[in-house]
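What you see is a predicted model; the values in this text were computed from it and never measured. Chain naming here is simple, since letters A, B, ... match the order of the sequence lines and numbering starts at 1 in each. Note that these values count all heavy atoms, side chains included, but never hydrogens, waters or copies made by symmetry.
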Number of protein chains: 2
Amino acid sequence: MANSKLYKGSLNTIILKLLDEQGKMYGYEITQKVKALTKGELKITEGALYPALHKLEAEGLLEVEVAKVDNRLRKYYKLTEQGEKETVNRLAELEDFIRSMQQLVNPKWSIS
Amino acid sequence: MANSKLYKGSLNTIILKLLDEQGKMYGYEITQKVKALTKGELKITEGALYPALHKLEAEGLLEVEVAKVDNRLRKYYKLTEQGEKETVNRLAELEDFIRSMQQLVNPKWSIS
DNA sequence: TCTTATGCATAAGAAAATTATGTATATTAG
DNA sequence: CTAATATACATAATTTTCTTATGCATAAGA
């Protein structure tokens, strides 16, 4: 994997953002969605994802709903009310961060 | 600090990039430069910076030159030949990463 | 029938920060 | 004059957040 060491710290925000726009998602679905959106550039490993989901749930930002599809288990996660508020803050922070990174690595880029 | 948990993994590349364009810099100067470039958004802590510089030096990407200015010590770092090559690769990787993050958090943004 | 895909989970270890110190000199403000 | 801030380096303890390696189980495709 190319960017294996790069996205530390932003995984939680990515999860929140995806749930915010998709309504509800299950773990495996999240890994596939990220892979698709970034054209394979970013791959979320299960070892990172599941603990992250559990932690966000423990923090009260997510809630779970278990479903059984095709005899296989799925755990759908969605934002709680508190989760929606936090998503706004964390997304703003992440966007600022991305802007800052751009400023550092390539000041010629502009955002429109 | 706002983004304290966000820039993990990219510090090394930021250091390399700055040294690439500035020629040589010393540690404290790097912290100030990053603060200035990002308008205070990103603050590199000394606890992160100095070990990172030492590690990059140990990897053969940086070389040091000690100077005394105003009776105070300064350690100027600059890229080795190998460091310049690595900078190209790591910068490209970081730029890809930034693009991917944008794709995830704000697909409406475009880069020009 | 064997591999790949789907779907969850956790444990061990590594990487990369934060936080808290420590040392020392120079400058600025009260 | 003296206390606080800025400059300049460094490291140790701890925490956070990943990677890697497993493990279990069902479904689909070659």
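For the pair Asp70(A) and Leu53(B), nearest-nucleotide mapping onto DNA chain D gives the more 5' position to Leu53(B).
Side-chain atoms of Thr80(A) come within 3.5 Å of backbone N or O of Leu61(A) as a donor-acceptor pair.
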Q: Could you walk me through whether Leu42(B) and Lys35(B) pass side chain to side chain contact (heavy atoms under 4.5 Å, CB included), step by step?
A: CA-CA 6 Å; Leu42(B) 246 54; Lys35(B) 208 194 290 181; over 6 Å; no
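Atom CG in Leu42(B) sits roughly 11 Å away from atom P in dA17(C) (whole-Å rounding). In this entry the distance linking CD of Gln32(A) with C1' of dA5(C) reads 9 Å, nearest Å. Protein atom CD of Glu57(A) is 14 Å distant from nucleotide atom C1' of dA9(C), rounded to whole Å. Taking atom CG on Asn12(B) and atom P on dC18(D), their separation rounds to 17 Å, with Å as the unit. One atom, NZ of Lys55(A), and another, C1' of dA9(C), lie 18 Å apart when rounded to the nearest Å. Nucleotide dG7(C) holds its P atom 13 Å from the NZ atom of Lys68(A), rounded to whole Å. Regarding Glu46(A), its CD atom lies at a distance of 15 Å from the P atom of dC18(D), rounded to whole Å. Straight-line distance from the CD atom of Glu29(B) to the C1' atom of dA8(D): 12 Å, rounded to whole Å.
Annotation for Lys33(A): atom NZ does not count as buried by contact number, only 12 or fewer foreign heavy atoms lying within 6.0 Å. More than 12 heavy atoms of other residues, nucleotides or ligands lie within 6.0 Å of CD in Glu21(A), so this atom counts as buried by the packing criterion.
At least one side-chain nitrogen or oxygen of His54(A) sits closer than 4.0 Å to the OP1 or OP2 atom of dT10(C). Residue Arg72(A) places no side-chain N or O under 4.0 Å from the OP1 or OP2 atom of dT26(D).
Across dT18(C), dA10(D), dA9(C), the shortest atom-to-atom separation from the side chain of Ala48(B) is found for dT18(C). With distances taken from any side-chain atom of Arg74(A) to the nucleotides dC8(C), dT11(D), dC9(D), the minimum falls on dC8(C). Taking every side-chain heavy atom of Thr45(B) into account, dT18(C) is the closest of dA10(D), dT26(D), dT18(C). With dT10(C), dT18(C), dC18(D) as the choices, the nucleotide that has an atom nearest any side-chain atom of Tyr50(A) turns out to be dT10(C). With distances taken from any side-chain atom of Asn71(B) to the nucleotides dA8(D), dA10(D), dT25(C), the minimum falls on dT25(C). Nearest to the side-chain atoms of Tyr26(A) among the listed nucleotides dT25(C), dC9(D), dC8(C) stands dC8(C). Among dA9(C), dG7(C), dA16(C), the nucleotide with an atom closest to any side-chain atom of Tyr77(A) is dA9(C). The side chain of Lys75(A) lies closest to dC8(C), out of dT7(D), dA10(D), dC8(C).
In a base pair of the Watson-Crick type (N1 to N3 plus N6-O4 or O6-N4) or a G-U wobble (N1-O2 and O6-N3), with each distance short of 3.5 Å, dA11(C) is matched with dT20(D).
Backbone-only contact: Gly27(A) has heavy atoms under 4.0 Å from sugar-phosphate atoms and none from a base.
Val88(A) is not connected to Ile14(A) by any chain of hydrophobic side-chain contacts under 4.5 Å among Ile, Leu, Val, Met, Phe, Trp and Tyr, and they are in different clusters.
Contacts classified as ring pair (Phe, Tyr, Trp, His ring centres under 6.0 Å) and involving residues 27-84 of chain B (residues at least two apart or in different chains) are given here: Tyr26(B)-Tyr76(B).
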